[in-house]
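Here's a structure for you.
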Amino acid sequence: MSALPLALVDAQPRTAATPLVRAARKVASDPPAEKFLAEPVPLANYDRAIRAAVARASRGIAWPSLMAAWADWYRHLASAPGKQMELASKAQRKAAKFALYALEAMRGDCDPCIDPLPQDRRFADPAWQQPPFNLIHQSFLLMQQWAWNATNHVVGVSRHHERMVTFTARQMLDVMSPSNFVPTNPEVLARTMQTGGMNLAQGAHDWWRDVLANFAGKPPRDGADFQPGHEVAVTPGKVVLRNDLIELIQYTPATSSAYAQPVLIVPSPILKYYILDLSPHNSMVRYLVDQGHTVFMLSWRNPDARDRELGVDHYLRLGIRTAIDAVTAITGGQALHAVGYCLGGTFLAMLAASMAGAGDDRIASLTLLAAEVDFTEAGELSIFIDDSQLAYLEDMTWEQGYLDGRQMAGAFTLLNSNDLLWSRLVRQYLMAEPPKHTDLTAWNADTTRLPHRMHTEYLRNLYLNNDLASGRVRYDGRAVALSDIHAPIFLVGTERDHVAPWKSVYMLHLYADADITFCLTSGGHNVGIVNPPGADGPPRHFRVATKPAAEHYIDPDQWFARNEPQDGSWWPSWQRWLAGRSGERVAPPGPHRDYKPMGDAPGTYVLMR
């Protein structure tokens, strides 16, 4: 019995610090490192190790938080007889509606009694309209609708708990969907009859192979056909800066002259940068270079346990700020157009506000792609964020030294489980259809890690406490105020974004004292941004309008109603916006004595596993 507590007393990892960490300790004072790095007392270590073990077993889900949400819902529903009678009445009406549909369906074609939600494509195949599968899927959709009524609008339940209960109820129903089982899925049954059952045999073989590969730690097959530097991330360029946190890539101009002011792209540390430089036909970098822009890309190093002490301050100072210094030097002191995607956009907005507040006007404009600065309405991702949940996540990353990319990917998959999980499992393991590997799915499988301290600061300070929007973030010894940003902003949201809902992205209008051009595009968090002109696929559209700083604020619903959709990609509209602010066409910048080429793009950091 004594061995276990003694091991846990010394559970704080003591991996060697990288040179970057040692240097960063000397320069980073905001926020204080002691807040996150203080040596826990032995009993606290014991608790942290247990919570870390539970978090790993539950894939990061804090069961106490989940149980508290369901208890809150149950207590308030149990003490609300009016709500109970309302639910009973709804159940009775739905049963009658279904019985009427069943009678009419026996005589031939009839209209369904309930339609799936627009994004629900599980029952789109005509086979679902034939008996008995029409009755099976219609009854499921009615039950799903009633469950939503039961978990929503129960007076007294906190908004956060209501979201958690609704989300978990939906996940449980998605597991029981008739599309997931052989006897109740007409598409799977037809394939089984056609192949004599070989689809199920092949699916079982593929499932077992993938399970063993996962336990063996082998990389997923999704990325096998798309390797950075070969099939993706092939836009010609040179690495001109490398430190222990970033590589900076300068892309080769595709035109004889280029706009005087360059473009610096800051991807999210959560993902590999080549989401914005996929195949040549859908590369944002390639598109900008072809239009005559001098483009630089920041590529983050994939951290490991030695980098556990890297914080947000390090990512701003030694990452983005260092890149800005290099770009302005290479281009002869030109102001630059900074582009930030997802968390990279959040960090970029923080640094831009700090620089503007200090009188540094080197950022000529900001483009923020699916990036939030106010996390009040952060969508379903906020389901995973509360004090209880963060205690488990923090202890899991404390023990590991980082948050693993696969752990992040699991949470994102649950947000859109029908498309990203269940439909894929059905197609791959029941229908035995070979998975469709694309450059985007390969990138999605190429996960990254986040250091313990940065992940903790991001989730607790920015996400949970909303410190950036509240003016409590400090950098370089001063408070960061988004109202200090006066440079024009091009702000992009996507209609089906589960990570950064577009109405949350839109809230920057409440903070920045600048001209804001807001663009709302079709698609989700990734597909809505990777949206090249002339691409094949489903029809695309976007809305765009500019609000001068002097004009009054309008809410997102009014904005949506006032602006009609335009067909096609939003990239050309953005490029024209950039070009109008980028100065005259000049000769592209030549080599700089302090930033000599160190190797070809895509560099080395993007290849780190």
Side-chain angles (χ1 to χ4, degrees), residues 54-78 80 83-84 86-88 90-91 94-95 98 113-124 128 133 135-154 157-185 188 207 379-386 388-389 392-393 407-430 496 498-499:
V54 172
R56 285 196 308 273
S58 63
R59 294 189 173 269
I61 300 298
W63 292 106
S65 179
L66 192 60
M67 293 169 62
W70 278 96
D72 186 19
W73 170 82
Y74 176 78
R75 286 196 304 268
H76 285 92
L77 181 61
K83 178 69 174 180
Q84 295 175 35
E86 177 189 340
L87 291 174
K90 285 181 179 291
K94 291 182 188 302
F98 177 74
C113 58
I114 182 172
D115 292 318
L117 295 173
Q119 67 271 21
D120 187 352
R121 298 184 291 272
R122 289 174 292 184
F123 311 114
W128 286 100
F133 306 107
L135 301 181
I136 293 172
H137 93 268
Q138 287 285 287
S139 62
F140 174 79
L141 290 175
L142 287 169
M143 180 175 63
Q144 182 177 259
Q145 187 182 68
W146 183 87
W148 187 92
N149 292 326
T151 54
N152 280 267
H153 306 304
V154 178
V157 178
S158 73
R159 176 62 175 153
H160 179 63
H161 283 169
E162 181 180 89
R163 284 180 170 180
M164 291 184 70
V165 170
T166 301
F167 177 81
T168 51
R170 192 183 77 219
Q171 297 300 318
M172 290 186 286
L173 283 172
D174 285 346
V175 172
M176 298 185 293
S177 170
S179 61
N180 296 339
F181 301 96
V182 175
T184 54
N185 187 324
V188 175
W207 177 83
E380 287 190 331
L381 193 59
S382 61
I383 292 166
F384 300 100
I385 309 300
D386 56 27
S388 175
Q389 182 68 60
Y392 279 74
L393 285 175
Q407 294 163 335
M408 284 187 287
F412 292 142
T413 297
L414 288 177
L415 297 179
N416 191 16
S417 58
N418 278 340
D419 289 340
L420 300 181
L421 179 62
W422 297 114
S423 64
R424 180 176 180 177
L425 294 180
V426 168
R427 294 293 174 187
Q428 189 168 346
Y429 299 129
L430 296 185
R496 295 189 293 105
H498 295 276
V499 179

Query raised in the report: How long is the span from the CG atom in Asp174 to the CH2 atom in Trp422, to the nearest 0.5 Å?
Result: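 Atom-to-atom, Asp174:CG and Trp422:CH2 are 8.0 Å apart.
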
Requested in this report: Specify the closest pair of heavy atoms between Leu141 and Phe123, including all atoms of both residues, with the distance to one decimal.
Outcome: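 The answer is CD2-CE1, 3.9 Å.
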
Report task. Starting at NE2 of His498, measure out to CD of Gln119 and round the result to the nearest 0.5 Å. Result ->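 The NE2 atom of His498 sits 7.0 Å away from the CD atom of Gln119.
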
Report task. List in chain and number order the residues that pass side chain to side chain donor-acceptor pair (under 3.5 Å) with Thr166, two or more places apart in sequence or in another chain; answer none if no residue qualifies. Result ->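 Result, side chain to side chain donor-acceptor pair (under 3.5 Å) vs Thr166: Thr151, Asn152.
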
Requested in this report: Kindly give the heavy-atom pair with the smallest separation between His161 and Asp72, and that separation in Å.
Outcome: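 Heavy atoms of His161 and Asp72 come nearest at ND1-OD2, 2.8 Å.
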
Query - Set of side chain to side chain donor-acceptor pair (under 3.5 Å) partners for His137, sequence neighbours left out - result: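 Once residues adjacent in sequence are excluded, His137 has no partner under the side chain to side chain donor-acceptor pair (under 3.5 Å) criterion.
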
**Report entry** Phe98 and Leu135: CA distance, side-chain angles, deciding distance, side chain to side chain contact (heavy atoms under 4.5 Å, CB included) verdict
**Finding:** CA-CA 8 Å; Phe98 177 74; Leu135 301 181; 4.1 Å; yes

Query - With sequence neighbours excluded, residues passing ring pair (Phe, Tyr, Trp, His ring centres under 6.0 Å) with His153 - result: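 Ring pair (Phe, Tyr, Trp, His ring centres under 6.0 Å) check on His153 returns Trp148.
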
Query - Residue pair Glu162, Arg159: steps toward the side chain to side chain contact (heavy atoms under 4.5 Å, CB included) verdict - result: CA-CA 5 Å; Glu162 181 180 89; Arg159 176 62 175 153; 2.8 Å; yes

Requested in this report: Work out which heavy atom in Leu173 is nearest to a heavy atom in Met143; give both atom names and the distance.
Outcome: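 Shortest heavy-atom contact: CD2-CE, 3.7 Å.
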
Requested in this report: Determine the minimum heavy-atom distance between Gln138 and Cys113, stating which atoms define it.
Outcome: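 Scanning both residues, the minimum pair turns out to be OE1-N, 2.8 Å.
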
Query - Student check: side-chain heavy atoms of Gln171 and Val175 closer than 4.5 Å - result: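 Not touching, per the 4.5 Å side-chain cut-off.
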
Query raised in the report: Is there a side-chain contact between Ser423 and Arg122, using heavy atoms and a 4.5 Å cut-off?
Result: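 SC-SC contact between Ser423 and Arg122 ruled out.
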
Query raised in the report: Roughly how far, to the nearest 0.5 Å, is the OG atom of Ser177 from the CE atom of Met172?
Result: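 Rounded to the nearest 0.5 Å, the CE-OG separation comes out at 15.0 Å.
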
Query raised in the report: Going from OG on Ser139 to CD1 on Ile114, what distance comes out if it is rounded to the nearest 0.5 angstrom?
Result: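 Going from OG on Ser139 over to CD1 on Ile114, the span is 10.5 Å.
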
Report task. Decide if atom OH of Tyr74 counts as having more than 12 heavy atoms of other residues, nucleotides or ligands within a radius under 6.0 Å. Result ->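 Check fails, neighbour count at 12 or below.
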
Query raised in the report: In Å, rounded to the nearest 0.5 Å, how long is the span from OG of Ser179 to CZ of Arg121?
Result: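 Nearest 0.5 Å value for the OG-CZ distance: 12.5 Å.
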
Query raised in the report: Do Trp128 and Pro178 have side-chain heavy atoms sitting under 4.5 Å apart?
Result: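 Answer yes - side chains close enough.
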
Requested in this report: Applying side chain to side chain donor-acceptor pair (under 3.5 Å), name anything that partners Ser65, two or more places apart in sequence or on another chain.
Outcome: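 Side chain to side chain donor-acceptor pair (under 3.5 Å) list for Ser65, sorted by chain: Asp386.
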
Query raised in the report: In Å and rounded to the nearest 0.5 Å, what is the CE to CD distance from Met176 to Gln144?
Result: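 Between Met176 CE and Gln144 CD, I get 10.0 Å after rounding to 0.5 Å.
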
Requested in this report: Using side chain to side chain contact (heavy atoms under 4.5 Å, CB included) as the criterion, point out the one residue from Val165, Asn149, Leu77 that pairs with Val154.
Outcome: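 Between Val154 and the candidates, side chain to side chain contact (heavy atoms under 4.5 Å, CB included) is satisfied uniquely by Leu77.
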
Report task. Taking ring pair (Phe, Tyr, Trp, His ring centres under 6.0 Å) as the test, write out the residues that go with Trp70, two or more places apart. Result ->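 Ring pair (Phe, Tyr, Trp, His ring centres under 6.0 Å) check on Trp70 returns Trp73.
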
**Report entry** Intermediate values then yes/no, side chain to side chain contact (heavy atoms under 4.5 Å, CB included), Asn185 and Leu430
**Finding:** CA-CA 10 Å; Asn185 187 324; Leu430 296 185; 5.7 Å; no

Query raised in the report: Side-chain contact, heavy-atom cut-off 4.5 Å: Leu425 with Asn180?
Result: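 No, their side chains stay 4.5 Å or more apart.
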
Query - Set of side chain to side chain donor-acceptor pair (under 3.5 Å) partners for Gln145, sequence neighbours left out - result: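 If we apply the side chain to side chain donor-acceptor pair (under 3.5 Å) test to Gln145, skipping adjacent residues, the hits are Lys94.
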
